[in-house]
Asks: 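Here it is, the structure, as structure tokens.
Heavy atoms only: backbone and side chains are in, while hydrogens, waters and symmetry mates are out. The structure displayed is predicted, hence computed values, not measured ones.
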Amino acid sequence: MSHPRPSRPTLLLVLALTALWACSSDEPKPVEQVFSDVQFDLTVPPETPVGAEIFLKGPTATFGGTDGRGLEMVYQGGRQFSLKARLPKNTAFTYSVLMTAPTAQVALDAQGAPEADHTVTARENEETVTLTVERFGAEGGQTGARTVFIVQVPDITPVGAKVWLSGNQPELGNWNGAEVELYQAVDNAYAGAVTFAASTGLEFKVTRGSWDTVEKSETGAEVANHTFTTGGGFERVPVAVKGWADLSTPPPPPPLTGDVRYLRNVVPQDSSLKPRDVIIWLPPGYEADTTRRYPVLYMHDGQNLMDVSTAFAGEWNVDETAQALVESGKVEPLIIVGIYNTSDRIAEYTPVPFPPEYPDAGRADVYGQFLIQELKPRIDAEFRTKPEAQFTGLAGSSLGGLVSMSLGLKHPDVFTRLGVVSPSVWWADREIVSEVNALTAKPALRIWEDIGTHEGSGSQAETVADAQALRDALVAKGWVLDDDLQYTVVEGGQHNEAAWSARFGDLLRFLYPVKQ
């Protein structure tokens, strides 16, 4: 039996529907990314000062423009600085490498002439630009004789020690024991520059100020004089000190106070966050009473809190302070968790980007999700905590104070006690103040906020005026001074770990008072 042939209109309709279905089933073409994330990695000369501020600066707004500061590079250790910038693809950018502090200098080539400008044109979604500066010097260049001494000192050298050269030439003091004072340079070195005539024969030694503290071998034996004959141009003289006359054995590291534990190499699920260590301080009696549970204070910049050997510029003495206050009954026994920072500290501790200088900032919410969804559940599982929000706090200084304030406002169901120490209110034109102003209801947060009167000056410095603006915004939303908001101005207070250590005890007493 034969089947009837479909009519022409029916056939056309079937073909049209088939074509439409085929079009709709096609995979959507991916949208081409118009920007590239460019990683700039810079190797600086060994005599670069340890506190150097390095910028990439160019004529376009992306690189700071004619009046801007440029893009600031972050010191990564050794001789490495880096930054990540988001650049439009297929656009050529010209820039130069500048040092703005401790003195203003430009990048020079091997002959001492100002280095030619660099050009970058990004074409891929992610790219890396590797840079090396031969040396830094005056804007007009630097030629002629210049002998730079690069001195590596042993680990037993006291922190902040002054290191000198003494030797056989008038420029070296004719062996007076301390003539040329060296400055601290990158890569744990000391450095200094001296000008000699060509073909000058040098003999010299390194001291810490006198012959009683002259360099020795690792075993304390005498070492021969260092020798060098100058060539009349720019030259580096590397020196390695193995020991000191007055320091025969390494000083023991300062002990940690109390029961301190570690979680090593904690790897966040989000691959954009770097692994980090976590340090945990447990209160006195934690092991003796195995039924008691404790409130928890989470703190940023964990390596700076308790262990001077890992601290950037001194520690907060959190372990000693908490131990004394808990043992004396002035603070409720609590657990303190310190989360180490990473080289992405600026990105992780800021709630919004701040272009053009910080285009990759604004990842505080991602960092916060790591704390809330991964780290806190692990701490609650492995230690006897009181996991409820009413017992959980968050604290930090500078950008750490900023991220504590921001995450506390967004997650009052997790954190209710905030330590906002020397907060970077200036970030993104006081964006944190706008966060407070946008609140439709006052969350139940107990907030400590403080600021020192000597924390710096300028558009990016933590100032009393900025802190007061945050305080006033909180009061306008219902917080009550000296009740659930403690605001403190520290006369003479500076922006450093020593200053924060001095008032950490007051912060603990306010956030974790002993229950009456």
Side-chain angles (χ1 to χ4, degrees), residues 43-52 75 77-79 99 101-105 108 110 112 133-138 142-251 313:
T43 300
V44 297
E47 67 271 14
T48 303
V50 72
Y75 181 53
R79 293 166 54 193
M99 180 193 302
T103 59
Q105 299 183 52
L108 305 180
V133 171
E134 173 62 28
R135 54 178 160 135
F136 286 103
Q142 195 172 65
T143 57
R146 189 173 179 83
T147 302
V148 178
F149 298 86
I150 312 294
V151 178
Q152 296 286 341
V153 297
D155 292 340
I156 60 172
T157 306
V159 176
K162 293 184 179 297
V163 176
W164 304 74
L165 297 181
S166 186
N168 66 335
Q169 299 296 327
E171 297 87 349
L172 297 174
N174 290 318
W175 299 111
N176 69 358
E179 180 63 22
V180 178
E181 183 176 1
L182 306 179
Y183 60 85
Q184 286 189 277
V186 294
D187 202 16
N188 298 316
Y190 284 77
V194 187
T195 301
F196 301 98
S199 302
T200 300
L202 305 180
E203 291 190 37
F204 63 95
K205 280 188 175 177
V206 183
T207 79
R208 296 195 342 270
S210 75
W211 294 117
D212 293 331
T213 57
V214 70
E215 62 175 308
K216 296 283 186 176
S217 72
E218 293 171 303
T219 61
E222 290 285 342
V223 296
N225 295 339
H226 302 285
T227 60
F228 184 79
T229 301
T230 62
F234 179 87
E235 49 205 355
R236 294 186 176 97
V237 182
V239 177
V241 174
K242 301 298 184 180
W244 300 107
D246 61 326
L247 298 174
S248 57
T249 58

Asks: If you look at every heavy atom in Val186 and Gly78, which pair is closest and at what distance?
Replies: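 Taking Val186 first and Gly78 second, the nearest heavy atoms are CB-O, 3.4 Å.
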Asks: May I ask you to test the Val180-Glu171 pair for a side-chain heavy-atom distance under 4.5 Å?
Replies: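 They are not in contact (no side-chain heavy atoms under 4.5 Å apart), so the answer is no.
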Asks: Identify whether the distance between the nearest side-chain nitrogen and carboxylate oxygen of Arg135 and Glu47 falls below 4.0 Å.
Replies: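 Between Glu47 and Arg135 there is no salt bridge, as every charged N stays at least 4.0 Å from the carboxylate O atoms.
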Asks: A side-chain contact here means heavy atoms from C-beta on lying under 4.5 Å apart; do Thr43 and Val133 qualify?
Replies: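 No, their side chains stay 4.5 Å or more apart.
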Asks: Whether the side chain of Glu179 engages the backbone of Trp175 through a donor-acceptor N/O pair (distance < 3.5 Å, no angle test) should be reported.
Replies: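 The answer is no, because no donor-acceptor pair under 3.5 Å joins these two groups.
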Asks: What heavy-atom pair brings Val241 and Pro154 nearest, and what distance separates the two atoms?
Replies: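 Distance-wise, the nearest heavy atoms are O-CD, 3.2 Å.
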Asks: Between Glu215 and Lys242, does at least one N-O distance fall below 4.0 Å, as a salt bridge requires?
Replies: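 Salt bridge: no.
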Asks: Do the side chains of Gln142 and Leu108 get nearer than 4.5 Å, heavy atoms only?
Replies: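 Result yes, sub-4.5 Å side-chain heavy-atom pair found.
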Asks: Do Phe136 and Thr48 have side chains that get closer than 4.5 Å, going by heavy atoms?
Replies: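 Touching, per the 4.5 Å side-chain cut-off.
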Asks: Is it true that a side-chain atom of Thr207 and a backbone atom of Thr213 form a donor plus acceptor pair closer than 3.5 Å?
Replies: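 Answer holds: no.
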Asks: Could you tell me if Glu203 and Thr227 have a donor-acceptor pair between their side chains, going purely by distance under 3.5 Å?
Replies: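 Thr227 vs Glu203: no donor-acceptor pair found between side chains.
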Asks: Is a side-chain N or O of Gln105 found less than 3.5 angstrom from the main chain of Gly137, in a donor-acceptor match?
Replies: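 Indeed, once roles are kept as given, a pair shorter than 3.5 Å links the two residues.
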Asks: If you compare all heavy atoms of Arg79 against all heavy atoms of Asp187, which two are closest, and at what distance to 0.1 Å?
Replies: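 Looking at all heavy atoms of both residues, the shortest contact is CG-CB, 4.1 Å.
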Asks: Are there more than 12 heavy atoms of other residues, nucleotides or ligands under 6.0 Å from atom CG of Asn176?
Replies: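 Counting neighbours around CG of Asn176, more than 12 heavy atoms of other residues, nucleotides or ligands fall under 6.0 Å, so yes.
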Asks: Compare all side-chain heavy atoms of Tyr190 with those of Val153 and state whether any distance is below 4.5 angstrom.
Replies: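 Sidechains of Val153 and Tyr190: in contact.
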Asks: Keeping Lys205 on the side-chain end and Gly177 on the backbone end, is there a donor-acceptor pair under 3.5 Å?
Replies: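 No.
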Asks: For Ala191 and Ala185, work out which heavy atoms get closest and say how close.
Replies: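 Distance-wise, the nearest heavy atoms are CB-CB, 4.0 Å.
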Asks: Output yes when a side-chain donor or acceptor of Gln169 lies under 3.5 Å from a complementary backbone atom of Gly201, and no otherwise.
Replies: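 A pair under 3.5 Å: yes.
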Asks: Hey, does Leu165 have a side-chain heavy atom less than 4.5 Å from the side chain of Leu182?
Replies: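 SC-SC contact between Leu182 and Leu165 confirmed.
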Asks: side-chain contact (heavy atoms from CB on, under 4.5 Å) between Phe149 and Leu202: does it pass, once the steps are laid out?
Replies: CA-CA 12 Å; Phe149 298 86; Leu202 305 180; 4.0 Å; yes
Asks: What's the verdict on side-chain contact (heavy atoms from CB on, under 4.5 Å) for Trp164 and Val151, showing C-alpha distance, side-chain angles and the deciding distance?
Replies: CA-CA 10 Å; Trp164 304 74; Val151 178; over 6 Å; no
Asks: Would you check if Gln152 and Pro238 make a side-chain contact, meaning some heavy-atom pair closer than 4.5 Å?
Replies: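 No, too far: nothing below the 4.5 Å cut-off.
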Asks: To the nearest 0.5 angstrom, please state how far the CD1 atom of Ile150 sits from the CZ atom of Arg236.
Replies: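 Ile150 CD1 to Arg236 CZ: 6.5 Å, rounded to 0.5 Å.
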Asks: Between Thr230 and Gly232, is there a donor-acceptor pair closer than 3.5 Å when you use the side chain of the first and the backbone of the second?
Replies: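 No, the answer is negative, given that no donor and acceptor are paired below the 3.5 Å cut-off.
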Asks: Between Trp244 and Arg208, is there a cation-pi geometry (under 6.0 Å to ring centre, at most 45° from the normal)?
Replies: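 Yes, Arg208 lies over the aromatic ring of Trp244.
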Asks: What residue among Val239, Thr200, Val237 forms side chain to side chain contact (heavy atoms under 4.5 Å, CB included) with Phe228?
Replies: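 Single side chain to side chain contact (heavy atoms under 4.5 Å, CB included) partner of Phe228 among Val239, Thr200, Val237: Val237.
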Asks: Side chains of Ser166 and Trp211: does their closest heavy-atom pair fall under 4.5 Å?
Replies: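 Touching, per the 4.5 Å side-chain cut-off.
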